[in-house]
Amino acid sequence: MKIFQLFILLFILFSCKKENVYYYSNDKQIKDSTVIRFVDEELEKLSIDIKEKNLKIHTTLDSTSYKTNLDSIRNKIFEKALTQNLKPEDKQAFDDWFREKVIVVDNETGQVLNYYSSFKSKKYDRKDISMGMLRKIIRIGSALYENPDSEIPENYLFNHSSGIGKELEISKEEAQFLSKFNIKNLDTKGYFYNYISFLEAIKIFQTYNSGLLKEPFVIKKVLNKDKIVYSQKELSQKIFTQNSLDKIQKNLKHYKENSFGAFENQLKNTENLFFFGYNDMDYFMIINDGKYTYLIYNFSAVITDLEKKKIKKIPHIWMKKAGISYYNAIRK
């Protein structure tokens, strides 16, 4: 009898255990652990204690699942990898190793509409980007912010640089420009010593498309016992003059048309895009189609030998096409 009573007591205690509840924009409850982890990270940035365990968190995220499309793309990449010494029985290893992440942000409101991640483990999750591969984009913005009359060569983004010496240093003017995006405490001795979040990278790219700085946001409001403890306020700040914006768009247009002309037929109705990678393992794509900005990340390696844990890079051409496939699958 005592055992039964104890069981009932434990059941009641467990049933009454407080938990935070997360909602999509249509008030459907969020169950995906990777999405909840992403939301928790944004809550922490807002100094909201997620240990409260009595919160109702309303987000901007769409409840629509794109997982079927994303999985079909992964399968196509694996099929291609079969020609590169992978075997059909290596499919599980491929799924465990190959990782991607997709974030979609509304250009007008700054709302993060979609988030997808295949990083099931927080330990291996990737959520930041080296500023090294973004330094040219940052320098264009810094120059035109300081002086809208600055002349920027049309092929500046397209030309490859040596990546040595002072070319990697962050100038005082560039650091001041980045502070406008709330990116501070930089190690000025080199861009590759600094990292920014995915949302910060999107924020910079969106500003280059509109001239207005808007903070991408995920948290719409937070309630504690039905009392609002946080509510998002949409703010914007003008960063670039129209003259500066025209020069930036001219550079991005030249970059797109000359660097990736082979993909023009696969990227219809897009205003601009930017491909960049780090250490030949991480591959990023940022695309703006006027209405939305998409950040697509792939970890471009797969296991080729399960016992020896050898890996082989997926060729960049595959990563580009995979990124375009992701874009085509999830675009609104």
Side-chain angles (χ1 to χ4, degrees), residues 7-74 95-96 99-128 197-200 202-203 214-234 291-297 326-327 329-332:
F7 175 79
I8 295 296
L9 179 62
L10 290 174
F11 177 78
I12 293 173
L13 289 173
F14 182 79
S15 300
C16 296
K17 184 181 178 182
K18 294 180 179 179
E19 290 292 340
N20 294 329
V21 185
Y22 302 76
Y23 297 98
Y24 288 106
S25 58
N26 63 354
D27 292 331
K28 180 180 178 181
Q29 190 171 343
I30 299 174
K31 299 292 187 179
D32 190 318
S33 61
T34 60
V35 177
I36 290 174
R37 188 165 70 231
F38 173 62
V39 173
D40 280 345
E41 290 165 358
E42 295 305 306
L43 287 169
E44 289 175 8
K45 293 177 185 177
L46 299 172
S47 299
I48 296 173
D49 186 7
I50 58 175
K51 296 178 181 178
E52 181 69 24
K53 298 301 181 186
N54 196 37
L55 303 175
K56 293 180 180 178
I57 301 116
H58 295 264
T59 74
T60 62
L61 298 170
D62 192 327
S63 64
T64 304
S65 174
Y66 298 96
K67 192 175 187 306
T68 301
N69 285 335
L70 296 172
D71 284 347
S72 68
I73 294 166
R74 299 179 100 224
D95 286 338
D96 290 342
R99 290 288 174 256
E100 64 280 294
K101 188 173 286 191
V102 179
I103 301 175
V104 183
V105 182
D106 186 293
N107 288 343
E108 184 177 350
T109 65
Q111 295 183 10
V112 180
L113 299 182
N114 192 273
Y115 175 85
Y116 168 83
S117 174
S118 62
F119 288 88
K120 301 303 179 186
S121 170
K122 184 177 181 179
K123 181 179 179 181
Y124 300 108
D125 196 359
R126 179 67 189 276
K127 48 186 178 286
D128 56 20
S197 71
F198 290 158
L199 289 184
E200 286 172 327
I202 293 173
K203 177 169 62 176
K214 294 182 180 180
E215 290 283 345
F217 66 96
V218 182
I219 314 301
K220 195 179 296 181
K221 63 181 178 180
V222 179
L223 289 79
N224 188 336
K225 296 180 180 178
D226 295 326
K227 179 181 178 181
I228 296 178
V229 295
Y230 173 83
S231 181
Q232 169 66 26
K233 295 180 181 179
E234 297 180 22
K291 194 171 183 180
Y292 303 101
T293 295
Y294 305 75
L295 185 142
I296 299 166
Y297 163 74
Y326 280 120
Y327 166 72
I330 66 174
R331 71 185 187 278
K332 296 286 183 177

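For the single chain, residues carry numbers from 1 onward in sequence order.
The nearest pair of heavy atoms linking K101 to F119 is CE-CD1, 4.1 Å. Of all heavy-atom pairs between P216 and L199, the closest is CG-O, 3.7 Å.
The backbone N or O of E41 sits nowhere less than 3.5 Å from a side-chain atom of E44 that would complete a donor-acceptor pair. At distances below 3.5 Å, not a single donor-acceptor pair connects side-chain atoms of R37 with backbone N or O atoms of D125. For N224 (side chain) and K227 (main-chain N/O), no donor-acceptor pair under 3.5 Å exists by modelled atom type. Although no hydrogens or angles enter the test, the distance criterion places no donor-acceptor pair under 3.5 Å between the side chain of N54 and the main chain of N20. K214 places a side-chain N or O within donor-acceptor distance of the main-chain N or O of E108, the cut-off being under 3.5 Å.
Contact check for V39 versus I57: side-chain heavy atoms found under the 4.5 Å cut-off. The closest side-chain heavy-atom distance from Y24 to D62 is not below 4.5 Å. Inter-residue side-chain proximity for T60 and S25 is flagged as unmet; no heavy-atom pair is nearer than 4.5 Å. Side-chain contact between I48 and V229: absent, with no pair of heavy atoms (C-beta onward) separated by less than 4.5 Å. For the pair T59/K220, no side-chain contact is recorded, criterion being any heavy-atom separation below 4.5 Å from C-beta on. Q111 has its side chain within reach of E234: a pair of non-hydrogen atoms, C-beta onward, lies under 4.5 Å apart. A 4.5 Å side-chain heavy-atom check between I103 and V112 finds at least one atom pair inside the cut-off. Taking 4.5 Å as the limit, every side-chain heavy atom of Y23 sits out of range of all side-chain heavy atoms of I30.
Here CD of E200 is found 8.0 Å from CD of E215. Values are rounded to the nearest 0.5 Å. Here CG of N26 is found 10.5 Å from CG of L61. Values are rounded to the nearest 0.5 Å. The CG atom of L113 lies 5.0 Å from the CG atom of D106; values are rounded to the nearest 0.5 Å. One finds the CG atom of D40 at 8.0 Å from the NZ atom of K122 (value rounded to the nearest 0.5 Å). Between I50 atom CD1 and L43 atom CG the span is 7.0 Å, to the nearest 0.5 Å. Atom OG of residue S118 and atom OH of residue Y297 lie 9.0 Å apart, to the nearest 0.5 angstrom.
For the residue pair S197 and D128, no side-chain donor N or O sits within less than 3.5 Å of a side-chain acceptor on the partner. A donor-acceptor pair shorter than 3.5 Å cannot be found between the side chains of D32 and Y116. One side chain, Y326 or E100, offers a donor N or O that lies under 3.5 Å from an acceptor on the other.
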(message) What verdict does the side-chain contact (heavy atoms from CB on, under 4.5 Å) test give for Q29 and K31, after you've listed the backbone C-alpha separation in whole Å, the side-chain angles of each residue and the deciding distance to 0.1 Å?
(response) CA-CA 6 Å; Q29 190 171 343; K31 299 292 187 179; 3.5 Å; yes
(request) Take L46 and I219 through the side-chain contact (heavy atoms from CB on, under 4.5 Å) test and state the conclusion after the steps. (result) CA-CA 9 Å; L46 299 172; I219 314 301; 3.9 Å; yes
(request) For L55 and Y22, run side-chain contact (heavy atoms from CB on, under 4.5 Å): C-alpha distance rounded to whole Å, both residues' side-chain angles, the deciding distance at 0.1 Å, then the answer. (result) CA-CA 8 Å; L55 303 175; Y22 302 76; over 6 Å; no
(message) Apply side-chain contact (heavy atoms from CB on, under 4.5 Å) to residues Y327 and Y292 and explain how you reach the verdict.
(response) CA-CA 11 Å; Y327 166 72; Y292 303 101; over 6 Å; no
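With respect to H58, the side chain to side chain contact (heavy atoms under 4.5 Å, CB included) criterion is satisfied by exactly one of L223, I228, V222: L223.
Heavy-atom contacts from other residues, nucleotides or ligands closer than 6.0 Å to NZ of K28 number 12 or fewer. Around atom NZ of K56, no more than 12 heavy atoms belonging to other residues, nucleotides or ligands sit under 6.0 Å away.
Cation-pi check for K221 over Y230 is not met; the charged atom does not lie both under 6.0 angstrom from the ring centroid and within 45 degrees of its normal.
Checked against the 6.0 Å centroid threshold, F38 and Y115 count as a close aromatic pair.
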